[in-house]
Amino acid sequence: MTLASLRDVAKSVLLPDDTRLQILQSITLDVEVGDHIAIVGRSGSGKTTLLNILGLLDTPTAGEVVFGDRATHTLRTGTLDRTRGANVGFVFQQFNLLAGRTALENVEMPLGYATGSMFWNRRAIATAMLERVGLGHRLTSLPDRLSGGEQQRVAIARALVRRPRLILADEPTGALDVETGASVMSLLDEVATETGAALVTITHDLHVAARARRHYRLEAGALQPISLEGAFAQSTHALPLATDAVTNVATVTGSATSAHQGRHS
Amino acid sequence: MSDPVTDPASPAARTHERGRLSLAPLGGSIAEAWSELRVHKLRVLLSLIGIAVAVAALTAVLAIGEYQRQFTIEQSDRSGGRVATLGISASTTTGAPVDGEAMDAHFDRVAERYNFSHTTRVADGAQLPVQLTQGVMQLPARLVDPDYGVMHRLQTIEGRYFIAGDEQLMAPAVVISEALWDMIGRTPLAQHPTLTMTGNFAGTYLVIGVLPRDGVWDTTPRVDMLYDAYFDRVGALSENTFVVREVWVPPEMVSELAPMLAADLRAGLPTDTTISVDRRDWASLPGNAEANLVFQLVSGAIAFIVLLLGGLGLVNIQLVAMRQRIREIGVRRSFGASSARIFTSVLLESVVATTVAGLVGILIVVLAARLPLITETVFAGIQDIPPFPFTAALAGLLASVFVGALAGLLPALTALRVKVIDAIRY
């Protein structure tokens, strides 16, 4: 079942000198329920803009974004905000934790915009989520007292605490060293799989991308499905990958589920 | 996988959510505002000191106005009687003196039906020959009935005022002014000082109470004597003495009672006698209330300007802080906070802050009003120190909420304009 889809989406901005800068052009992408997608691309290729459009933070200049079963341009901004809050979780490169708030308060924040039992039980839910990411002992720590890896784990807990169906991660390991990045990505994978959420990751790092089932490259505003095998071969920084990962990433949607399970088994 | 109701993206779920009245958004906004204040303690604290001081000033001014009103009322009560006092006077069209005894009997007959709780005759203009060390002096006297003390809220600095039964005392009782008390050497009343009078009033009179001066300027020696005691000695009032009979009636009934009473009193009187019934208390004199209102308005306006200045400081600080909070707002927006919600939270932040500051200011004034230093100076001369005026506290609170909303509006509008995608990159 399709959770969100972009149909012929284009985005351009008007520059101060009255010229138009085309950031994205004619992008079509379907994100399935529980899907796991990686998008690689150079800086400035429009990855973040794509993610913002998918996460209902930005609107395309052309084309259509369908979320659930509704075209988002038909929704009012308030509804859009509520839909985003209930369905989308963001993980940012710079963590973007609220300064001066404890880990627990940071994770509670999205629940403050929920209603019903999620709102009233927000402290308990946030505590459970922090325990799940292994930070049960740092509930009252402020972000500046946490290491980078811990901060990103708090950010993951925050992104997942409302049980979103779509997690959007913008360079989640960009500010972390390789080992910490790997453990953070494992955690993100695990928790996303547990909650059945679809995960869309933007990254420079082919190893991070290799964890996904489907891979795309964004280049000059156009989105192309790619095989990571070729990408690794082209990369001068390529490190030897576990063979199963490389074979699995070569296959696209059809065998994705078995590949995913295989990786976690 | 997706249940139409539990699936939050489905239209059914959205309708479901909208249909239910939820306290979560408001509760969430207040919780968010409070946590924001907690995080920026110092910044908020500094800006709020001004607000607290201004609210304290505003509340104090209103409270002083209220106390001033009480003071004025007490002063007016001493001269005109409490609310509502009716004065009844009789005169003749021929200019001949009114027969006092006949008038009293007539009044008593009529008053029987009305069952007044307090009545008194008041005669001003009489004089009493009092023997003092420098010789016999004719001192002004006020002739009253025992109820006069209660009706005019009289307070003695020594002894007591007349009470019912004083007319039975063997030695007739008098109450004297403080100036006269000074002239007889301020003998403590426990030693039973007396006044000696000559002429028709020859005899010794027991001083049972001393009335305080109205102010430092008040140096008139005066004597209060019971009307009956005076009348027993001379049998008639002098020609230049004017008698008014006062009755104390419930204020809500006064407009109804006065004409009825006047009509009843006029019935059965000789045609050349006229009766007038007028209110004598302060409430019938709009001038007092107006003067007090002007005082409150002027000083209240000054305090309000001070409050606005404090609010301006808060706006300034909040606006500067808003620049640092753009990223935070972006993050909150990306996690589902609607722009309306952000607006409310930022607005409430100011409101919650100024309300807390206002409460502190009000508390300071309420506590200060209980300090002996204040009560002895500000309230000197007030008999019944009223409880702290609730209206002043309420006005202070409302003003602090108002200034908070005003100060929060600009930052909230700024927050509304934050573009999420720029904010999270910022």
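Quick caveat, the model's predicted, so the values are computed rather than measured. Each chain gets a letter, A, B and so on, in the order the sequences are listed, and its residues count up from 1.
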*Quick one: closest heavy-atom pair of A:Q94 and B:R327, and the distance?*
CB-NH1, 4.4 Å

*B:F335 and A:F92: which non-hydrogen atoms are nearest, and at how many Å?*
CE1-CE1, 4.2 Å

_Those residues of residues 336-357 of chain B, ordered by number, that approach chain A below 4.5 Å (heavy atom to heavy atom)_ = B:G336, B:A337, B:S338, B:S339, B:R341

_So if I take each residue of residues 408-419 of chain B and look for any heavy atom under 4.5 Å from a heavy atom in chain A, which residues do I end up with?_
none

*asked:* Name the residue from A:L56, A:D81, A:N96, A:L57 that meets the side chain to side chain contact (heavy atoms under 4.5 Å, CB included) definition with B:S334.
replied: A:L57

[X] versus chain B, heavy atoms under 4.5 Å apart: side chain, backbone, both or neither?
X: A:T77; result: neither
X: A:Y113; result: both
X: A:R122; result: side chain
X: A:E105; result: side chain

*Find out whether B:V331 and A:M109 are in side-chain contact, i.e. whether some heavy atom of one side chain is under 4.5 Å from a heavy atom of the other.*
yes

*Side-chain contact test, heavy atoms from C-beta onward, threshold under 4.5 Å: evaluate it for B:E328 versus A:R101 and give yes or no.*
yes

*Give, as side chain, backbone, both or neither, the part of B:R332 having an atom under 4.5 angstrom from any heavy atom of chain A.*
both

*Distance in Å, A:D58 CG paired with B:I421 CD1, rounded so as to fall on 0.5 Å steps*: 3.5 Å

